[in-house]
There are 2 protein chains.
Amino acid sequence: MPKITKSDLLDTLRQRILQLDIAPGSVLDEATLCEAYGVSRTPLREILHRLAGEGYARIQPNRGVSVSSMDIETMRNFFQTAPMIYASVARLAAENAVPEKIAALRAVQKSFRAAVETAKPRDMAISNHKLHEMIGSMAGNPYLSPSLQRLLIDHTRMSQTFYAARSKAEQALIQTACDQHDDMIDAFEARLPSRAVELALDHWALSRDRIERYVRPDPLPVNPHDTAEEVRDAV
Amino acid sequence: MPKITKSDLLDTLRQRILQLDIAPGSVLDEATLCEAYGVSRTPLREILHRLAGEGYARIQPNRGVSVSSMDIETMRNFFQTAPMIYASVARLAAENAVPEKIAALRAVQKSFRAAVETAKPRDMAISNHKLHEMIGSMAGNPYLSPSLQRLLIDHTRMSQTFYAARSKAEQALIQTACDQHDDMIDAFEARLPSRAVELALDHWALSRDRIERYVRPDPLPVNPHDTAEEVRDAV
DNA sequence: TTGCTTTAGATTGTGTACAATCTGTATTTT
DNA sequence: AAAATACAGATTGTACACAATCTAAAGCAA
């Protein structure tokens, strides 16, 4: 029976949700989870309430808890909101930068780069999530943090495919994103809010384009003899 | 023994916190609350976790739950963030207006106006809070809502003094705020995002000035013979 | 006195039994 | 046959007892 602490279990569930190991919309069954992690229902239920409060899940009274879903309407709101929040947070992070937190950022960025170099998609996604969470923490604005949190949850879930890059071109994009992280941390450290905002928006644009490309891929060729490029130009 | 449902108790505690009936920073004692409302600790603890998730309270493991505090740093972040979020929410509310929700807004605004006319500060604060929550709901953006929620919690708590208006001038300000509500709802209904943003910022400016005036009141006259106006001009 | 250790009381966290509610199926009624 | 109802099994919600942890006061050593 694997003994596990409450905060560890909370973290484990958060990660499983972020990695799509537990699918959006699926039900978090109390009995199953208790069995799996060897805790009783009382603490588990408190964890579920907490997950709900953080936006990872949703509680319907007398009908259980389910992982937050990601429908088309949600996506629309995501694209509408992300740049504003990310830019604001970057600005505040630059204004409120302190050496201690900068060092912590660099440490996480180091593990992100390591994950990139060893091509471990899951580690990339989690490190990236953590990095951006820490930027939010450095921004230190309790009114923006909850929005940032919710954006990051869905952003990380959507990016799962991103990090499992197949082509050389996709790997190059990941490298660019990785370099952008370093530039952003430099901007925070130098306390350059405008520069931080600019970099944050570039970083967002890269991610956005990649997600859009996944959601709306190049159509299959109508005529099997056409190349993908010809089809794309025609559309 | 007053029998109370879980969601009612959740709502009651939210209102008590908003009305400063439970002071910022004070601990929410499990035993006391169980005694007071006749529920056992298990459901109460789940309510407390929920309140923490929503930003009304803060959990420190093994050290209990306390009502969110409002220190000087928090205030700074509040003033920095509020206009952006309020404006964004107003824009989205105008874009996503539906007759059903407009009707609901008008109903709450009616009860707000009634509270103003009967000079009931607590009802004003709660109606105002509810109205702005509903605007957020109509905006329908799950990424902005949590930030709006947190802003409203502290905004309502800070406004407690505002609604207990003493002078004629202060009552006139409340009237203005009330009229702004109607204008905003009209703008939502007519689907005029720019107009809605403009009105939201006016509404914010009014509230902000009032709060600032409370935090930094006119200084007492140095020389007892001076009038308040002379002192203000001299500062 | 000052600082550390011990220990009793209070508070928070967990496990388990039981109650309330919901869901889906089978039966009854029209 | 269709609709309504009743029931059984499963799931969620609550109460309470007990375990773990923290707090603060008392005692002891320097």
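In what follows, chains carry the letters A, B, and so on, assigned in the order in which the sequence lines appear, proteins first and then strands, with residues in each chain numbered from 1. In what follows, every heavy atom counts, from backbone to side chain, and hydrogens, waters and symmetry copies are set aside.
- At distances below 3.5 Å, at least one donor-acceptor pair connects side-chain atoms of A:Asn77 with backbone N or O atoms of A:Glu73.
- Checking B:Arg41 against A:Pro61, the closest nucleotide of DNA chain C that is more toward the 5' end is the one next to B:Arg41.
- Under the 3.5 Å distance criterion, the side-chain polar atoms of B:Glu54 are left unmatched by any main-chain donor or acceptor of B:Arg14.
- B:Leu9 places its CG atom 11 Å from the P atom of D:dA15, with the value rounded to the nearest Å.
- Using cut-offs of 30° and 60° for the angle between ring planes, the B:His203 and B:His132 rings count as parallel.
- The distance between atom CG of B:Leu28 and atom C1' of C:dT12, rounded to the nearest whole Å, is 14 Å.
- Rounded to an integer number of Å, the gap from CG of B:Leu44 to C1' of C:dT12 is 12 Å.
- Computed from coordinates, the B:Leu48 CG to C:dT12 P distance equals 9 Å when rounded to whole Å.
- Minimum atom distance to the side chain of B:Pro43 is reached by D:dT14, of the listed C:dG13, D:dT14, C:dT16.
- The aromatic rings of A:Phe78 and A:His155 lie perpendicular to each other, with more than 60° between the two planes, well past the 30° mark.
- The side chain of A:Arg45 approaches D:dG13 more closely than any other nucleotide in the set C:dC22, C:dT12, D:dG13.
- Not one side-chain nitrogen or oxygen of B:Lys6 sits closer than 4.0 Å to the OP1 or OP2 atom of D:dG13.
- Regarding A:Gln60, its CD atom lies at a distance of 11 Å from the P atom of D:dT12, rounded to whole Å.
- Following rounding to the nearest Å, A:Leu10 (CG) and C:dT14 (P) show an atom-to-atom distance of 12 Å.
- When the nucleotides D:dA15, D:dT23, C:dG13 are ranked by their closest atom to the side chain of B:Glu30, C:dG13 comes out on top.
- The CZ-C1' distance, from B:Arg50 to D:dG13, rounds to 14 Å in whole Å.
- Proximity of A:Thr42 to the phosphate of C:dT14: no side-chain N or O atom is located under 4.0 Å from OP1 or OP2.
- Side-chain contact between A:Phe188 and A:Leu105 is present, with heavy atoms from C-beta onward closer than 4.5 Å.
- Computed from coordinates, the B:Asn62 CG to C:dT11 P distance equals 14 Å when rounded to whole Å.
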